[in-house]
Amino acid sequence: LADVLGRYFWLWLSALILIGCTGVVSALYPELSDMPPHVAGLQIAAMSVSTAVTVLLVSRFRLPPVPTIRVCAILMAVSILLTFRSPWGFITTGAVAGVIMIAQLAYLSQAGHPQGLLIGLFNAASYGGMTILPFAAGIVAEFVVYPEPFLAAFLMTAGLALFVAATIGQCTCEPG
């Protein structure tokens with residue numbers, strides 16, 4: 001287990017951060033926008049639908065996993081900032097998350113380790129991100145007042161996505 005955790009550290013971190021970004025927008029946007037709960041619920045549902053549709057479409061293509069994750073991490077950062085300004089960002093955030101999930105799973109499917117263990121750790125990292133990142137962004141939104149609390153939280157989240165873009169190539173795992 002320790003070998004798998006260490007060997008795939010950057011991949012697990014990418015799942016934690018990039019999938020966690022969806023949790024941040026789901027958690028913070030309703031408070032930021034002051035929209036009625038049913039409208040915020042529809043926007044979050046649109047993000048989930050766009051993820052599902054993208055997963056179905058992208059799974060039919062052979063995309064190189066690490067470059068795809070890198071490009072999508074940059075797109076996720078842009079999408080997070082778009083969500084800060086517009087509810088349309090939910091759809092792009094969901095779509096980018098769908099591509100990321102397929103790229104990460106494609107990478108793991110080529111690995112030489114037991115698939116059950118790898119997918120279990122992938123799910124743990126993804127759900128961990130959807131737990132940890134909204135909590136961290138909420139703390140930032142609560143205690144950072146300059147330039148604006150929610151902007152600081154969204155900038156932190158976008159910065160983490162860019163961190164993944166910069167570090168995903170360090171994964172020491174060799175698929176296939």
Starting from [X] and following side-chain heavy-atom contacts under 4.5 Å between hydrophobic residues (I, L, V, M, F, W, Y), which residues can be reached?
| X | answer |
| --- | --- |
| Ile91 | Trp88 |
| Leu162 | Ile74 |
| Val78 | none |

Under 3.5 Å, side-chain donor or acceptor atoms of residues 27-42 against the rest of the protein: list the pairs with distances, not counting sequence neighbours.
residue, atom, partner, partner atom, Å
Ser33, OG, Tyr29, O, 3.0
Ser33, OG, Pro30, O, 3.4
Ser33, OG, Met35, N, 3.3

Would you tabulate the side-chain donor-acceptor contacts of residues 57-68 under 3.5 Å, counting partners in other chains and residues two or more places apart, or write 'none'?
residue, atom, partner, partner atom, Å
Ser59, OG, Val55, O, 3.0
Ser59, OG, Leu56, O, 3.1
Thr68, OG1, Pro64, O, 2.6

hydrophobic_cluster_shared for [Y] and [X], side chain cutoff 4.5 Å:
| X | Y | answer |
| --- | --- | --- |
| Ile102 | Trp10 | no |
| Ile80 | Val99 | no |
| Leu82 | Val71 | no |
| Leu5 | Leu11 | yes |
| Val53 | Met47 | no |

### Query
Which pairs with one or both residues in residues 118-139 pass ring-ring contact (aromatic ring centres under 6.0 Å, His included), sequence neighbours excluded?
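Not a single pair qualifies under ring-ring contact (aromatic ring centres under 6.0 Å, His included).
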
Check side chain to side chain contact (heavy atoms under 4.5 Å, CB included) between [X] and all other residues, then give those that pass, not counting sequence neighbours.
| X | answer |
| --- | --- |
| Ile132 | Leu16 |
| Leu160 | Ile17, Leu133, Met156 |
| Thr131 | none |

To the closest 0.5 Å, what do you measure between [atom1] ([X]) and [atom2] ([Y])?
| X | Y | atom1 | atom2 | answer |
| --- | --- | --- | --- | --- |
| Met76 | Leu81 | CE | CG | 12.0 Å |
| Leu13 | Leu18 | CG | CG | 8.5 Å |
| Met101 | Cys72 | CE | SG | 11.0 Å |
| Gln43 | Thr83 | CD | OG1 | 9.5 Å |
| Phe150 | Leu155 | CZ | CG | 13.5 Å |
| Ile100 | Ile168 | CD1 | CD1 | 10.0 Å |

### Task
Compare every heavy atom of Thr54 with every heavy atom of Ala95, then report the nearest pair and how far apart it is.
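It is O-CG2, 3.2 Å.
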
#### Entry: Atom of Ala73, atom of Ala161 and distance for their closest heavy-atom approach
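Shortest heavy-atom separation between Ala73 and Ala161 comes out as CB-O, 3.3 Å.
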
In residues 136-144, what donor-acceptor pairs under 3.5 Å come from side-chain atoms, sequence neighbours left out?
none

### Query
Under the side chain to side chain donor-acceptor pair (under 3.5 Å) rule, what pairs show up with a residue in residues 12-24, not counting sequence neighbours?
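Applying side chain to side chain donor-acceptor pair (under 3.5 Å) to every pair that reaches into residues 12-24, excluding sequence neighbours, yields Ser14-Gln104.
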
#### Entry: Geometric class of the Tyr107/Tyr8 ring pair [parallel <30°, tilted 30-60°, perpendicular >60°]
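Plane angle over 60°, so perpendicular.
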
### Query
Do Val25 and Phe154 come close enough that some side-chain heavy atom pair is under 4.5 Å?
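The answer is yes, as the side chains (C-beta and beyond) meet within the 4.5 Å cut-off.
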
### Query
Where the side chain of Gln110 meets the backbone of Leu105, is there a donor-acceptor pair that is under 3.5 Å apart?
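Looks like no, no N/O pair under 3.5 Å.
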
#### Entry: Pairing residues for Ser79 by the side chain to side chain donor-acceptor pair (under 3.5 Å) criterion, not counting sequence neighbours
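For Ser79, the residues satisfying side chain to side chain donor-acceptor pair (under 3.5 Å) (neighbours in sequence not counted) are Thr92, Thr93.
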
